[in-house]
Amino acid sequence: MTVKTRFAPSPTGYLHIGGVRTALFSWLYARHHGGRFVLRIEDTDRERSTEESIQAILTGMEWVGLDWDEGPVRQTERFARYAEIAESMLRAGTAYRCYCSREEVEAMRAAQVARGENPRYDGRCRDRRAPVPGVSPVVRLRSPGTGSITVHDLVHGDVPFDNAGLDDLILVRSDGVPTFHFGVVVDDADMGITHVIRGDDHLTNTPRQIHILQALGMPVPVYAHLPMILGADGARLSKRHGAVNVLEYREQGYLPAALLNYLVRLGWAHGDQELFTRAEMIRLFDVASVNAAAARFNPEKLAWLNQQYIQRGERGYLAGELATHMARRGVDARQGPPLAAVVDAYRERAVTLEDIVQASGYLFVEPVPLDEKAARQHLKAAIAGPLARARERLVVLGDWRRQDIHDAVTAVAAESGLGFGKIGQPLRVAVTGGTVSPPIDVTLELVGRERTAARLARALDYIAAQPA
RNA sequence: GCUCCCUUCGUCUAGCGGUCCAGGACGCGGCCCUCUCAAGGCUGAAACAUGGGUUCGAUUCCCAUAGGGAGCGCCA
């Protein structure tokens with residue numbers, strides 16, 4: 001039997017970070033077993049479903065590289081099929097029409113709660129023969145009511161439920177639109193989904209869905225209910241915990257590989273291994289070893305992972321990504337050194353691509369803004385001589401290469417009777433406008449000879465202009 | 001209220017009855033390296049929720065309790 005899994009988000013907003021993990025685990029399971037992965041859009045809630053959400057989901061999935069083999073299938077395209085199945089259930093007697101009004105059902109529940117009972121539909125329309133004129137009925141499942149059912153779950157084990165607690169749920173609404181439970185079950189069965197991997201907020205819904213399947217005589221898939229992702233405070237992940245929309249991570253300069261690596265380690269581990277390539281994840285992943293407990297989202301660890309990926313990433317790829325971010329920030333990459341060189345200079349000191357954009361700005365603008373505080377502190381009269389000597393040496397350098405630049409600066413320091421640090425920091429401020437940059441030789445190499453000379457001249461002018 | 005799920009350092013986790021005075025990672029502290037910022041190296045503090053069982057022996061199995069979470073809709 002070929003494994004087939006699916007990811008079935010409802011398009012009522014952006015693609016949530018928790019959704020991405022669910023999709024990832026589902027995708028990994030399919031890929032690990034050489035199976036198929038389906039993307040299905042559960043848009044039966046026409047009030048809340050939007051086309052923008054569908055686009056956001058597709059864009060998010062593409063960004064993280066979770067590719068699907070079938071779909072996206074939309075439930076709204078399958079209404080005829082649901083109606084057909086409902087009709088057959090009505091004929092078989094496994095479902096019935098219920099003419100109770102919403103008010104009637106609500107009153108029933110209120111009375112039950114008042115008596116300290118479980119709010120549940122009491123099945124009063126089960127044996128009704130005649131339709132009620134002027135009322136469009138809903139279709140309800142005739143559920144067992146007695147006995148018990150156990151859900152065989154790959155992460156939670158066997159979970160038993162008492163059928164007495166499960167009432168006759170609605171399959172088709174009075175307007176003919178199928179409910180979530182009905183749509184899911186019919187779709188999974190029709191698509192041949194073998195493994196339903198989803199959030200464990202669905203665990204207690206599962207016995208009801210199995211009842212529908214059994215009424216239909218359809219095979220029951222294997223279930224795996226994933227624990228939820230919580231915010232740092234243990235509450236359900238939401239906007240106030242920071243970014244929850246995947247695409248926000250893209251904006252912030254995270255790499256999809258790092259995000260996926262972070263997500264796969266939430267609830268799953270392979271010994272002490274922290275870094276996983278996509279191929280390793282596929283090879284090693286197994287839902288059965290997923291933790292049953294909820295996990296908290298830890299932005300710091302994600303940041304560390306992203307840094308790891310930037311540190312080790314292929315420079316051409318990173319340069320390409322960096323170009324995208326620079327363009328978005330309005331930085332003209334043509335005004336500076338090759339981005340591959342920028343990546344190499346900054347990969348050890350950046351957590352995100354945005355960090356690189358921010359920190360390397362001085363390479364792409366002219367004139368570079370001079371930080372007041374830094375200038376006041378480092379560009380003093382006493383350093384004017386050494387800076388001038390450095391400029392002289394640098395402009396005549398044979399090759400504008402890191403090593404030669406380093407030698408020149410070292411020589412200036414020696415002849416000025418200064419330590420390397422005493423000349424390095426003023427040079428940095430003069431050339432970058434600030435106090436932080438890669439090693440001074442690397443920095444100067446990136447800035448280039450012309451600009452270095454010009455910026456040193458400007459720094460000397462600045463010093464000269466200061467009152468003694 | 002009822003049903004179900006969960007519980008190892010602050011966080012993510014390893015551990016599948018003795019290997020554990022509990023290992024790794026993030027974060028945090030210290031030291032080293034150092035032209036800034038980083039990166040890196042070394043190092044330190046930090047956990048088996050509680051109570052009962054089962055067993056020669058429990059972090060590991062069972063049951064309670066406590067604390068979290070989810071579901072109980074003509075939402076998904």
Side-chain angles (χ1 to χ4, degrees), chain A residues 8-12 42-45 47-49 98 100-102 105-106 109 112-113 115-121 136-140 151 153 155-156 159-162 164-167 169-175 177 179-181 183-184 199-208 225 227-228 230 232 234-236 262 265-275 289 291-305 307 311 346-351 359 374 378 406 409-410 413 419-429 432 434-441 443:
Chain A
S10 54
T12 54
E42 310 222 321
D43 56 351
T44 53
D45 183 348
E47 302 283 287
R48 299 195 297 152
S49 299
C98 166
C100 296
S101 66
R102 295 176 201 241
V105 173
E106 272 163 33
R109 291 209 177 92
Q112 288 164 332
V113 170
R115 272 178 270 132
E117 295 171 13
N118 241 351
R120 59 196 301 278
Y121 181 69
S136 349
V138 298
V139 175
R140 285 184 185 272
V151 174
D153 190 281
V155 350
H156 290 279
V159 184
F161 290 89
D162 206 336
L166 279 8
D167 62 0
L169 74 159
I170 293 175
L171 266 19
V172 182
R173 297 184 258 240
S174 51
D175 62 0
V177 176
T179 59
F180 164 73
H181 292 298
V184 164
D200 70 4
D201 47 338
H202 287 308
L203 183 56
T204 52
N205 285 153
T206 305
R208 321 172 83 97
H225 287 95
M228 320 212 64
L230 276 19
R236 199 172 181 149
Y262 176 71
R265 284 283 289 98
L266 234 40
W268 178 81
H270 181 256
D272 289 339
Q273 189 170 345
E274 295 289 350
L275 265 24
S289 56
N291 233 35
R296 298 184 189 209
F297 190 85
N298 183 346
E300 267 119 31
K301 185 139 187 185
L302 202 214
W304 176 78
L305 273 166
Q307 185 177 90
Q311 239 174 83
Y346 277 94
R347 65 198 317 159
E348 277 187 355
R349 61 204 89 236
V351 168
H378 296 283
H406 189 270
V409 176
T410 304
F420 195 98
K422 292 290 185 213
I423 180 76
Q425 206 51 355
L427 266 176
R428 175 170 283 112
V429 173
T432 71
T435 56
V436 176
S437 84
I440 198 64
D441 47 359
T443 300

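- Candidate nucleotides B/C5, B/G73, B/C74 were compared by shortest atom distance to the side chain of A/D167, and B/G73 ranks first.
- Under the Watson-Crick or G-U wobble criterion, with both distances below 3.5 Å, B/C42 is paired with B/G30.
- The pairing partner recorded for B/C16 is none, the criterion being a Watson-Crick or G-U wobble arrangement whose two distances lie under 3.5 angstrom.
- Counting any heavy atom pair closer than 4.0 Å across all strands shown, A/V159 reaches sugar-phosphate atoms only and no base atom.
- Taking each heavy atom of A/R140 and A/L171 in turn, the nearest pair found is C-CD2, 4.1 Å.
- Residue A/T44 is classed as a sugar-phosphate contact, given heavy-atom separations below 4.0 Å to backbone atoms only.
- Using a 4.5 Å heavy-atom threshold, the side chains of A/Y121 and A/C98 count as touching.
- A donor and an acceptor atom never sit less than 3.5 Å apart when one is taken from the side chain of A/R120 and the other from the base of B/C72.
- Among the protein residues, A/E47 comes within range of no part of the nucleic acid, since none of its heavy atoms lies under 4.0 Å from any strand.
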Which pairs, protein N/O on one side and nucleotides 10-14 of chain B N/O on the other, fall under 3.5 Å?
residue: B/C12; atom: OP1; partner: A/R296; partner atom: N; Å: 3.0
residue: B/C12; atom: O2'; partner: A/R265; partner atom: O; Å: 2.7
residue: B/U13; atom: OP1; partner: A/G267; partner atom: N; Å: 2.2

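- The residue A/P160 sits close only to the backbone: its heavy atoms come under 4.0 Å of sugar-phosphate atoms, none of a base.
- Going from the C1' atom of B/G69 to that of B/C31 covers 43 Å, rounded to whole Å.
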Legend entry - From CA spacing to verdict: side-chain contact (heavy atoms from CB on, under 4.5 Å), A/F420, A/I440: CA-CA 10 Å; A/F420 195 98; A/I440 198 64; 3.7 Å; yes
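- Both distances falling under 3.5 Å, in either a Watson-Crick or a G-U wobble arrangement, place B/A25 opposite B/U11.
- Partners of A/N298 according to the side-chain contact (heavy atoms from CB on, under 4.5 Å) rule, which considers only residues two or more places apart in sequence or in another chain, are A/Y262, A/E300, A/K301.
- Between B/A64 and B/C26, the distance separating the two P atoms is 40 Å to the nearest Å.
- Considering only side-chain atoms of A/W304, the nucleotide from B/A76, B/G27, B/C35 that sits closest is B/G27.
- Rounded to a whole Å, the CD atom of A/E348 is 15 Å from the P atom of B/U36.
- For B/C37, there is no paired base (Watson-Crick or G-U wobble, both distances below 3.5 Å).
- Residue contacts shown for A/S10 are limited to sugar-phosphate atoms, with no base heavy atom under 4.0 Å away.
- Comparing the C1' positions of B/A46 and B/U11 gives a spacing of 12 Å, expressed to the nearest Å.
- With a cut-off of 3.5 Å on both Watson-Crick or G-U wobble distances, the partner of B/U3 is given as B/A70.
- Of all nucleotides listed (B/C72, B/A76, B/C74), B/C74 comes nearest to the side chain of A/R102.
- To the nearest whole angstrom, the two C1' atoms, one in B/C21 and one in B/G41, are 28 Å apart.
- Taking all atoms of both residues into account, the shortest heavy-atom contact from A/T443 to A/P438 is OG1-O, 2.7 Å.
- Contact between the side-chain N/O atoms of A/R109 and the OP1/OP2 oxygens of B/C74 is found at a separation under 4.0 Å.
- Closest approach of A/W268 and A/S289 over heavy atoms only: NE1-OG, 3.3 Å.
- Across the C1' atoms, B/G24 and B/A14 are found 7 Å apart, a figure rounded to whole Å.
- Listed here is the closest heavy atom pair of A/S174 and A/S136: CB-O, 3.4 Å.
- Here the P atom of nucleotide B/C72 and the CZ atom of A/R140 are 14 Å apart, to the nearest Å.
- The two residues A/A292 and A/P227 make their nearest non-hydrogen contact at O-CB, 3.7 Å.
- Nucleotides B/C2 and B/U60 have their C1' atoms positioned 32 Å apart, rounded to a whole Å.
- Atom CG of A/L203 is separated from atom C1' of B/C6 by 11 Å (rounded to the nearest Å).
- Among the protein residues, A/D201 comes within range of the sugar-phosphate backbone only, with heavy atoms under 4.0 Å from sugar or phosphate atoms but none that close to a base.
- Distances from the side chain of A/I440 to the nucleotides B/C74, B/G40, B/C35 place B/C35 closest.
- The gap from the P atom of B/G53 to that of B/U13 amounts to 32 Å, rounded to the nearest Å.
- Looking at A/T204, its side chain has no donor and acceptor atom pair within 3.5 Å of the base of B/C72.
- Taking atom CG of A/L166 as the reference point, atom C1' of B/G71 lies 10 Å away to the nearest angstrom.
- The two residues A/L275 and A/L305 have their closest heavy-atom pair at CD1-CD2, 3.3 Å.
- Pair check for B/A58 finds none; no Watson-Crick or G-U wobble contact set falls under 3.5 Å.
- For the pair A/I170 CD1 and B/A76 P, the computed distance is 11 Å after rounding to whole Å.
- The CD atom of A/Q425 sits 7 Å away from the C1' atom of B/C35 (whole-angstrom rounding).
- Taking atom CG on A/L171 and atom P on B/G73, their separation rounds to 15 Å, with Å as the unit.
- Here the C1' atom of nucleotide B/U3 and the NE2 atom of A/H156 are 15 Å apart, to the nearest Å.
- Side-chain nitrogen and oxygen atoms of A/Q273 include none within less than 4.0 Å of the OP1 or OP2 phosphate oxygen of B/G24.
- Taking A/R48 as the reference, A/D45 meet the side chain to side chain donor-acceptor pair (under 3.5 Å) condition, with sequence neighbours excluded.
- Between B/C9 and B/U65, the distance separating the two C1' atoms is 24 Å to the nearest Å.
- Toward the 5' end of RNA chain B, the nearer of the two residues A/L230 and A/H181, judged by each one's closest nucleotide, is A/L230.
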